[in-house]
Amino acid sequence: MGANKLNITWHDRVLTKSDYLKRNGHQPLVLWFTGLSGSGKSTLAHAVEEELFRKGCYTYILDGDNIRHGLNSDLGFSEADRRENIRRIGEVAKLFVDAGIIVLAAFISPYREDRERVRALFEPAEFIEVFVNCDLAVCESRDPKGLYRKARSGELKQFTGIDSPYEVPFRPELVVNTACYGVEDSVRAVLAFVTERGFLGGDW
Ligand SMILES: Nc1ncnc2c1ncn2[C@@H]1O[C@H](COP(=O)(O)OP(=O)(O)OP(=O)(O)O)[C@@H](O)[C@H]1O
Ligand SMILES: [Mg+2]
């Protein structure tokens, strides 16, 4: 592990974030959706992305299951692997932000410390933690992937909320309560937040 840093030299880029900003018409952002499985992270992230894309924003989705097919296919669900999973995703999100893109990241990301470590990679205005808040009972009743059923029967181990912890964010920029509100209202709440706070600049 670890490259010999003596032989590694940072090569400065010619283009800067402000060059991308001028061309794209909006600042780069990370919308980091965190919450229990079935809380609605992917549903919201994809719907919000579609809306931003339609408005002409440069966007990209990083979603839990998809990234475990490729970049993180060597990782499991132990605490150490979950941490490494989030660390790598944070670094990938940073690359996209360097390219001026709005990243929508949908990961359970159960550990507060890991989310804070990702946050620390960005300028304060670039990272928006969206807590997708939904009671375990409601998530379990939705069970969109049938995973809670498997976790309850013991077929699936280390499942967040059942036999693996979820640490609620202390100070997320935004909380969306998906147990009380429908998908449309929840999407609207996220879009209203990013537009009203001026993250996208101009008239939206
Ligand atoms: N307000 C809401 N926002 C988002 N999803 C909702 C809402 N109300 C109900 N749902 C439903 O809840 C389910 C959420 O599933 P989704 O796959 O988005 O969860 P997830 O948080 O991405 O889970 P996982 O961590 O397993 O990927 C969907 O079936 C969706 O239609
Ligand atoms: Mg998902």
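Because the structure is a prediction, the values reported are computed rather than measured. As the structure lists them, so they are numbered: ligands from 1, and atoms in each ligand from 1.
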Could you check [atom] against the protein and tell me its nearest heavy-atom contact, residue, atom and distance included?
atom                    : answer
atom 2 (C) of ligand 1  : T178 CB, 3.5 Å
atom 31 (O) of ligand 1 : V183 CG2, 4.2 Å
atom 26 (O) of ligand 1 : S37 OG, 2.6 Å
atom 21 (O) of ligand 1 : K41 NZ, 2.7 Å
atom 24 (P) of ligand 1 : K145 NZ, 3.2 Å
atom 1 (N) of ligand 1  : Y181 O, 2.7 Å
atom 29 (O) of ligand 1 : P144 CB, 4.2 Å
atom 8 (N) of ligand 1  : R142 NH2, 3.3 Å

Polar side-chain atom of [X] near backbone of [Y] as donor-acceptor pair, under 3.5 Å:
X    : Y    : answer
N133 : V176 : no
R68  : G76  : yes
K41  : L36  : yes
E129 : E116 : no
N177 : A179 : yes

Quiz question: by atom type and distance under 3.5 Å, do the side chains of [X] and [Y] form a donor-acceptor pair?
X    : Y    : value
S39  : R142 : no
Y148 : S141 : no
E49  : T59  : yes

| Can you tell which part of S42 has a heavy atom less than 4.0 Å from ligand 1: side chain, backbone, both or neither? |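 Both backbone and side chain of S42 come within 4.0 Å of ligand 1.
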Check your understanding: Counting heavy atoms only, which part of F107 comes closer than 4.0 Å to ligand 1: side chain, backbone, both or neither?
Key ->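 No part of F107 is near ligand 1 at this cut-off.
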Report yes if G40 has an N/O atom closer than 3.5 Å to an N/O atom of ligand 1; otherwise report no.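 Yes.
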*Taking N or O atoms only and a 3.5 Å limit, does G182 qualify as a polar contact for ligand 1?*
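Between G182 and ligand 1 (N or O atoms, distance only) the closest approach is under 3.5 Å.
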Y58 ring centre to R23 NZ or CZ under 6.0 Å, with the angle to the axis within 45°?
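Positive - R23 is close enough to the ring of Y58 and near enough to its axis.
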Both conditions, 6.0 Å and 45 degrees, for the charged tip of R83 above the ring of Y111: are they met here?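 Yes, cation above the ring, under 6.0 Å and within 45°.
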Could you check whether any heavy atom of [X] sits closer than 4.0 Å to an atom of ligand 1, since that is the contact criterion I want to use?
X   : value
G38 : yes
G35 : no
S39 : yes

| message | I want to check something: taking the side chain as every heavy atom from C-beta on, are E123 and K17 in contact at a cut-off of under 4.5 Å? | response |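 Yes; the side chains approach each other to less than 4.5 Å.
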Are Q158 and S78 side-chain neighbours, meaning at least one heavy-atom pair lies under 4.5 Å?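 SC-SC contact between Q158 and S78 confirmed.
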Can you list the ligand 1 atoms lying under 4.0 Å from a non-hydrogen atom of I108?
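Checking each atom against I108, I get 25 (O).
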| message | I'd like to check which ligand 1 atoms, numbered from 1 as shown, lie under 4.0 Å from a non-hydrogen atom of L36. | response |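 By the 4.0 Å cutoff, the relevant atoms are 21 (O).
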Out of D143, T34, N66, T43, who is nearest to atom 16 (P) of ligand 1 when you count heavy atoms only?
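Checking each option, the heavy atom nearest atom 16 (P) of ligand 1 is found in T43.
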message = Closer than 2.8 Å to the Mg ion (ligand 2): does that hold for any N, O or S atom in S42?
response =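 For S42, the answer is yes, given that an N, O or S atom comes within less than 2.8 Å of the Mg ion (ligand 2).
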